[in-house]
S.K.: 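The structure is given below, and queries will be raised subsequently.
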Amino acid sequence: MSTAFLLPATIAPDWPGNFWWHLLIMTVLLIAVLMISVIMFIWLERRVIARFQARVGPNRAGPFGLLQSFADVIKILTKEDIIPALADKPLFWIAPAMAFVPVLMILAVIPLSDGLQLADINVGVVYISAVSAITAIGIFMSGMSSNNKYSLIGAMREIAQLISFEIPMLLALAGLVMASSSMSISGVIGAQTIPFALTQPLAFVVFVIALLAEINRTPFDLVEADSELTAGFNTEYSGMKFAVLYLTEYSEAVVGSILISTFFLGGWRGPFLPGIIWLVIKMLASFFVILWIRSTIPRFRIDQSMKLAWKTLLPLAMFNLFIMAVKTVFAPGLTNWVAVPVYLAITAVIIIYWARFMRPGRQSVGI
Amino acid sequence: MASEIIGSGLLKGLRVTLKTLFKRPVTTQYPEQKLTISRRERGTVLAWSAEKCTGCYTCERACPHGCIDIETPEIGQKWTAQAPCTHRCPARVDAARYIRSIAEGKPGEAVAVIREKIPFPSVCAYICAHPCESACNRGAIDEPISIRKLKRYAVDNDSGEWRNMIKRALPTGKSVAVIGAGPAGLTVAYYLARKGHAVTVLEALPSPGGMMKVGIPDYRLPVRILDADIKEIENAGAVIKTGVRVESPAKLIAEGYNAVFVGVGAHQAMPLGVPGESEPGVLGGVDFLREVNLGTPVKLGKRVAIVGGGNTAIDCARTAVRMGASEVSLVYRRTRAEMPAAPEEVEEAVEEGVKLVFLAAPSKILRAEGKLFLECVRMKLGAEDSSGRRKPEPVSGSEYLTELDNIISAVSQSPVIPKSFAMKADRGSRLIVDPETLVASAGIFAGGDDVLGPATVIECIAQGRTAASSIDLYLGGNGDITEVFTAPEKVAERTGGPLEAFRPFGDAIAHEKRLHTFEGVEIGWSNEDALLEASRCLRCDLTYKPEKWQLKGGQCIYCGLCVEACPFDALYMGYEYERNTYTAADQTLEKEALMTPEVRRPSGYMHPEIARSLPAQSLLLDTDKPKK
């Protein structure tokens, strides 16, 4: 096994020229991890979704179709690169990079194992929420600059979704920060002797749904709703630029799975196995759930999506914040396995009653 | 309430997708695939062919506007030609009528209708090759009626009411010997016994039934089903003696029998024609099946290869699976599309784990160091031969070896006629008889597999009927073996069933059970399924030639749904100028009908006597004519 994955907890100070070596190694490592994960996730998604639909999926290129993604890359790169006549050229050019780079930047603060992390900054949660929003700007730029009405509609939907779902997502994270009394990602992981998915299930549900919307996965893929918007924001893109947008989409899925694992499933923590292995297992589990949801629920309309964000997720996130605030003030030590069923019960009751409450007339959001 | 609906819907959806995840992905091939192709071509001209139309009213039911007007004479009374299913059946079983009986909820009457033509209703219900289904007109719409399974439903729910109508003839004092208690022989015995002759069936094997008993495994035809049918034949008066090997038919005549029917069947497996065939461990397909069916212990290894692609090969493969062989493969020299075996049986064999090896033919069997090897050569498909199948040609140098415990050759069967019979046979050792009367020589008749070569049960029954009729004539009877077990049918309403509906899914017993026991695999239909399936029948045997087929003027929007719905291609839609289909009188009158009374100015067409004086095809009244 390669030693790079199992580096000790504190690589930075002990290395010669510590900071620059650390920066170089970790940057290369993170980019490599992301690229490999993306390629594997594309393959995994196609295979798993195929099985969900009682198909086999790609199985010709290489063993189990493993080389399919490489074949696709070659196909995409050899396509003609077209820029529409009346497109806003500079924006059109810069948009894919603008969308992709922030995804990579998120990884900078994620510990892949104990201490295996580019930078452990003390406002990690704020950093992640700030940087992740920039991706939406990139997608918006690509849609706006394409000079295509479908792209523009897709871009506008992206902004609408970003604004709507960012709020419940951040409120859910606020509960975590309150419970772990730290904004550093290592601090959040350190606080998870019991994973937050169990002690804050309400925040977990809200976060996963909001994350799905943020990374534009089905059922929230309104941005590229192919039945109405041809391909949405990337309709006019081809060749390398399309490849980068495609890469962005899957990097978001990878990073999304990492975020779910880190914030709610305890990150690299786990018995017996090395931290990186635990993280991969949790990532795969999160990704599987994302795929499961994708193959089950059809796409929402934009109004349904907005209603879900504002009328359901936002109040639920506030409930969670309130519960956490009360707990932190009155019973700060109440974090043990005995309390978990209580949390789960409270969550179930709140979700069920809120769902009933939010059913005025026939305008149910129908989650 | 609300929460239940919201939560349960989502959870149910997640459960369904997760279940699918753990299912094995399936690719269906053409014969199993359910395809409907639209025959609709929208146009402006609708034409109707009086010759093809059967007056089934399918188009009328398909029309969303109700603008089709059909007039047929005396609904349900006209009985004319046989339906395609009846016509295709070698024994002419009136399938259309018994399906109607089932649709009316009278399975007992259905069995009576079947019994009028064949003495083996239950056997046919389980294993008939159903040529009727390939002739079914419903196949042109969606899927043929599942006639065999409907028959199975009928015999499973038999009330036995046909017994009330049995007519017994007085004894004639003539005696007949039947050699071989197979489908043909037993049919002859049954009908001759009914005609009052004393019939003795002589069977060499320890139990009667012939190929039905020893050639068809128990999981397809349970023994009790066959025995019940044979019991009815014994009830009719035929005496069956088992374990009797006949030396020669002429000797039987000399012993005092007035006539002899030879129905010894085709029980000899054809050799593969490759070197090493006599090695121990190489079995003949029918020999293997016979030993298993008769309960003789057969030693079968774990790795078994079956050579051949017919129903016998599939039977051998599935029997081997049930005997505990873990690696069963079937070697066939063509591809799946050319396999003569029934597609549904091939499917079931694959489900049970039989591996199909296509485009391979055995070239050598050898035994080295006590191990049995099969050498196969790869084939490729060449030009079409006389049977319309592509002829396989060996690819030289592509030989490969497989280590096996047993090899079963199930390529074909041939009759074995003992020399002492002194009967004429052709090159395939099939008996030569008169095709009309089945006479071989004076007093000696022959039929069944020994005349046809390996054939289906229903073909042998048909031969048995022919033979029974001609033997009766020979013995001085009138040769009429018709039986009537049902009252004449009353008015039957013509329906075509649902516009588009497929066969209900048939159930089978659990997979694990199938692998280890010889229990019947197929499970019969429930009442609902059978009624649904029977109601799909188009009732082609009731022919009503329509006297008139017309559109109620002006309402047709030329959507073409009627053309699409017509199962008999009697409607045609094409491209012509729309007005050509109307007469001037029709259009003018329709236009007038739409006007309110104040503005209506009656044309001459309202008054036929004036209309006759108007110029032909004039649409416009004088006041509307454009000014020049």
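The figures that follow rest on heavy atoms only: side chains count, while hydrogens, waters and symmetry mates do not.
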S.K.: Taking atom CZ as the centre, does Arg157(A) end up with more than 12 heavy-atom neighbours from other residues, nucleotides or ligands that are less than 6.0 angstrom away?
M.R.: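 For Arg157(A), atom CZ is crowded (more than 12 foreign heavy atoms under 6.0 Å).
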S.K.: What pairs of donor and acceptor atoms, side-chain ones from residues 259-266 of chain A against any protein atom, are under 3.5 angstrom apart with sequence neighbours left out?
M.R.:
unit_1	atom_1	unit_2	atom_2	d
Ser261(A)	OG	Ser257(A)	O	2.5
Thr262(A)	OG1	Ile258(A)	O	2.7

S.K.: Show, in sequence, the C-alpha distance, side-chain angles and deciding distance for Ile297(A) and Leu10(B), and conclude whether the side-chain contact (heavy atoms from CB on, under 4.5 Å) test is met.
M.R.: CA-CA 8 Å; Ile297(A) 308 176; Leu10(B) 185 65; 3.5 Å; yes
S.K.: Name the region of Ile351(A), side chain, backbone, both or neither, that has any atom closer than 4.5 Å to a heavy atom of chain B.
M.R.: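 When you check distances to chain B, no heavy atom of Ile351(A) falls under 4.5 Å.
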S.K.: For Thr218(A), give me all partners under side-chain hydrogen bond (donor to acceptor under 3.5 Å, both in side chains), at least two apart in sequence or on another chain.
M.R.: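 Thr218(A) satisfies side-chain hydrogen bond (donor to acceptor under 3.5 Å, both in side chains) with Asp221(A) only.
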S.K.: I'd like to know whether CZ of Phe64(A) has more than 12 heavy-atom contacts from other residues, nucleotides or ligands below 6.0 angstrom.
M.R.: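 No, CZ of Phe64(A) has 12 or fewer neighbouring heavy atoms, counting only those of other groups under 6.0 Å.
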S.K.: Between OG1 of Thr20(B) and CZ of Phe52(A), what distance do you get to the nearest 0.5 Å?
M.R.: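 Thr20(B) OG1 to Phe52(A) CZ: 8.0 Å, rounded to 0.5 Å.
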S.K.: Provide the closest heavy-atom pair for Thr17(B) versus Thr296(A) in the form atom of the first, atom of the second, distance.
M.R.: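 Heavy-atom minimum between the residues: OG1-OG1, 2.7 Å.
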